[in-house]
Amino acid sequence: MGTKGRILVTGATGYIGSHTTVELVNAGYEVIGIDNFSNSSPSMLEGMEKITGRKIPFIRTDCCDKAGMEEVFRKYPDIRASIHFAACKAVGESVREPVKYFRNNIVSLLNLLDLSMKGEGKGIVFSSSCTVYGEPDPENLPIKETAPVKPAVSPYGRTKQMNEEILMDCVRACPSLKVISLRYFNPIGAHPSALIGEMPNGEPQNLVPYITQTAAGLRKELRIWGNDYDTPDGTCIRDYIYVCDLAKAHVAAVGRLLDGRQENRFDIFNLGTGKGLSVLELVQNFIRATGADVPYRFAGRREGDIVKVWADPGKANSILGWKADTPIDEVLLSAWNWEKKVRGI
Ligand code: UFG
């Protein structure tokens, strides 16, 4: 038995959920993981169990299924807090299928809230995104939590903004509820064991999986979307954060919720490194760190892309006592090792 209490992890076999579950177990928490496997697979659970050497309690259910969620809370009355990862996250798909995004990302949170607002106080750590800032005004870079939330550029982004607003209203209505919203910048990489990692369905939309699949020979070449932006090398700038560092921030956030240190009942933290990297720099770093071959060419701009955004993680550094400090070469190597493992290279 862990000693620190039970945490419900929704989306536990997903990319960030699986890495976080591993860190929670390693930190001495009991977990109950749930997932509907809509964008993950049971093999992730095997990897998580190998890494931790523990059987991880898991229930296959959909957070939009109210009865299924009630069953989870009935079976595990000792749940003290939840980390809510389960959500759809593909920006392009959200433009084509907005109803799917609103239903999934809103209804799942409402179900979790209904159950979390009953009885004793519960905490929720919510997976948010830097997408809520839109294209930051240059004077707001690096971006702080106090920067304005801009109109969302996609239904996906809008669901994250709406989720945060819903959470704020529920905290106001329920004195026993505490919420920490974590705004992720660009999570990349995989666990150093290469037993869990990112598993995109079909053609990857995100940069690092596209790079690793190109290096593995699954894709002919990487297209860099735009090299005529107002940045030093003309390509977009992002704050790439190692998924294992990100996972540890969740452990810190849950710890604050459970031990009473978290005084604000609704709080927001940016999770990034504080350092912006251009797409071209990232590709060149990958080639240097791994020695792999990544054919690339410059192509036109991708619609809806933010030009530059990177975090001011100062609040998370000081209050959560957390810092993303894994060197980028190590992070990129972990992504490559995972791809090689998946492809049997
Ligand atoms: N890029 C390419 N070629 C590719 C893929 C990406 O050049 O094949 C570029 C993009 O144009 C962008 C950068 O790499 O400049 C990063 O793109 P990603 O798609 O990896 O990440 P985004 O910053 O666009 O989006 C991510 C998440 C979204 C989230 C957003 C803001 O994927 O879910 O951050 O939080 F909404």
Side-chain angles (χ1 to χ4, degrees), residues 1-35 40 44-59 72 76-86 112 116 120-128 178-184 187-198 241-263 267 269-273 313 315-326 330-331 334 338:
M1 273 292 281
T3 54
K4 292 187 176 167
R6 178 156 335 256
I7 311 297
L8 168 65
V9 183
T10 77
T13 50
Y15 176 42
I16 307 173
S18 58
H19 289 81
T20 300
T21 302
V22 162
E23 295 299 334
L24 285 169
V25 171
N26 285 344
Y29 287 96
E30 288 293 308
V31 301
I32 166 65
I34 63 174
D35 209 300
S40 66
M44 247 351 129
L45 203 55
E46 283 168 34
M48 291 150 69
E49 291 183 343
K50 263 194 202 147
I51 294 169
T52 57
R54 295 271 306 269
K55 178 104 189 98
I56 294 178
F58 179 85
I59 296 176
V72 172
Y76 292 93
D78 57 344
I79 291 171
R80 295 184 64 199
S82 308
I83 309 183
H84 186 45
F85 293 105
L112 178 64
S116 303
E120 296 150 49
K122 297 224 188 329
I124 297 180
V125 174
F126 177 68
S127 284
S128 189
K178 280 189 182 174
V179 173
I180 292 181
S181 184
L182 300 177
R183 291 180 177 164
Y184 311 151
I188 61 166
H191 194 269
S193 64
L195 290 165
I196 55 173
E198 194 170 4
I241 172 169
Y242 185 34
V243 67
C244 292
D245 288 338
L246 189 62
K248 288 177 185 141
H250 293 76
V251 178
V254 152
R256 278 182 71 78
L257 285 176
L258 295 193
D259 69 13
R261 271 176 304 152
Q262 181 62 31
E263 286 178 1
D267 218 344
F269 294 93
N270 281 343
L271 299 183
T273 65
K315 185 177 171 191
N317 296 161
S318 62
I319 297 181
L320 294 181
W322 163 92
K323 195 168 189 305
D325 53 10
T326 309
E330 197 179 316
V331 177
S334 76
W338 164 246

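FYI, the numbering just counts along the sequence from 1. Scope of the values below: all heavy atoms of this structure, side chains included, with no hydrogens, waters or symmetry mates.
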Hits for side-chain hydrogen bond (donor to acceptor under 3.5 Å, both in side chains) against Ser18, two or more places apart or cross-chain, chain-then-number order -> none
Test side-chain hydrogen bond (donor to acceptor under 3.5 Å, both in side chains) applied to Ser116 - qualifying residues, sequence neighbours left out: none
What is the distance from atom [atom1] of [X] to atom [atom2] of [Y], rounded to the nearest 0.5 Å?
| X | Y | atom1 | atom2 | result |
| --- | --- | --- | --- | --- |
| Lys248 | Glu23 | NZ | CD | 5.0 Å |
| Leu246 | Thr326 | CG | OG1 | 11.0 Å |
| Leu182 | Ser128 | CG | OG | 8.5 Å |
| Thr21 | Asn26 | OG1 | CG | 11.0 Å |

Is there a donor-acceptor pair under 3.5 Å between the side chain of [X] and the backbone N or O of [Y]?
| X | Y | value |
| --- | --- | --- |
| Arg6 | Glu30 | no |
| Trp338 | Glu198 | yes |
| Ser334 | Ala190 | yes |
| Lys4 | Ala27 | yes |

Looking at every non-hydrogen atom in both residues, tell me the closest pair between [X] and [Y] and how far apart they are.
| X | Y | value |
| --- | --- | --- |
| Tyr29 | Gly255 | OH-CA, 3.4 Å |
| Leu271 | Ala316 | CD2-CB, 4.0 Å |
| Lys178 | Gln262 | NZ-O, 2.6 Å |
| Leu320 | Ala253 | CD2-CA, 4.0 Å |
| Ser40 | Thr13 | OG-OG1, 2.7 Å |

Do [X] and [Y] make a side-chain contact, defined as non-hydrogen atoms from C-beta onward lying under 4.5 Å apart?
| X | Y | answer |
| --- | --- | --- |
| Cys244 | His191 | yes |
| Asp267 | Lys315 | yes |
| Ile7 | Leu258 | yes |
| Ile196 | Val22 | yes |
| Leu8 | Leu112 | yes |

Stepwise side chain to side chain contact (heavy atoms under 4.5 Å, CB included) test for Ile180 and Phe269: CA-CA 8 Å; Ile180 292 181; Phe269 294 93; 3.6 Å; yes
Please set out all donor-acceptor pairs under 3.5 angstrom arising from side-chain atoms of residues 44-51, sequence neighbours excluded.
| residue | atom | partner | partner atom | Å |
| --- | --- | --- | --- | --- |
| Glu49 | OE2 | Ile56 | N | 2.8 |

Is there a side chain to side chain contact (heavy atoms under 4.5 Å, CB included) between Thr273 and Tyr242 once you walk through the steps? CA-CA 9 Å; Thr273 65; Tyr242 185 34; over 6 Å; no
Let me know which of Val251, Ile124, Leu24, Thr10 forms a side chain to side chain contact (heavy atoms under 4.5 Å, CB included) with Ile83. Leu24
I'd like to know whether Trp322 forms a side chain to side chain contact (heavy atoms under 4.5 Å, CB included) with Asn317, so could you lay out the CA-CA distance, the side-chain angles of the two residues, the decisive distance to 0.1 Å, and finally the verdict. CA-CA 5 Å; Trp322 163 92; Asn317 296 161; 4.1 Å; yes
Return the set of residues passing ring pair (Phe, Tyr, Trp, His ring centres under 6.0 Å) with [X] (not counting sequence neighbours), or none when no residue passes.
| X | answer |
| --- | --- |
| Phe85 | His250 |
| Tyr76 | none |
| Tyr15 | His19 |

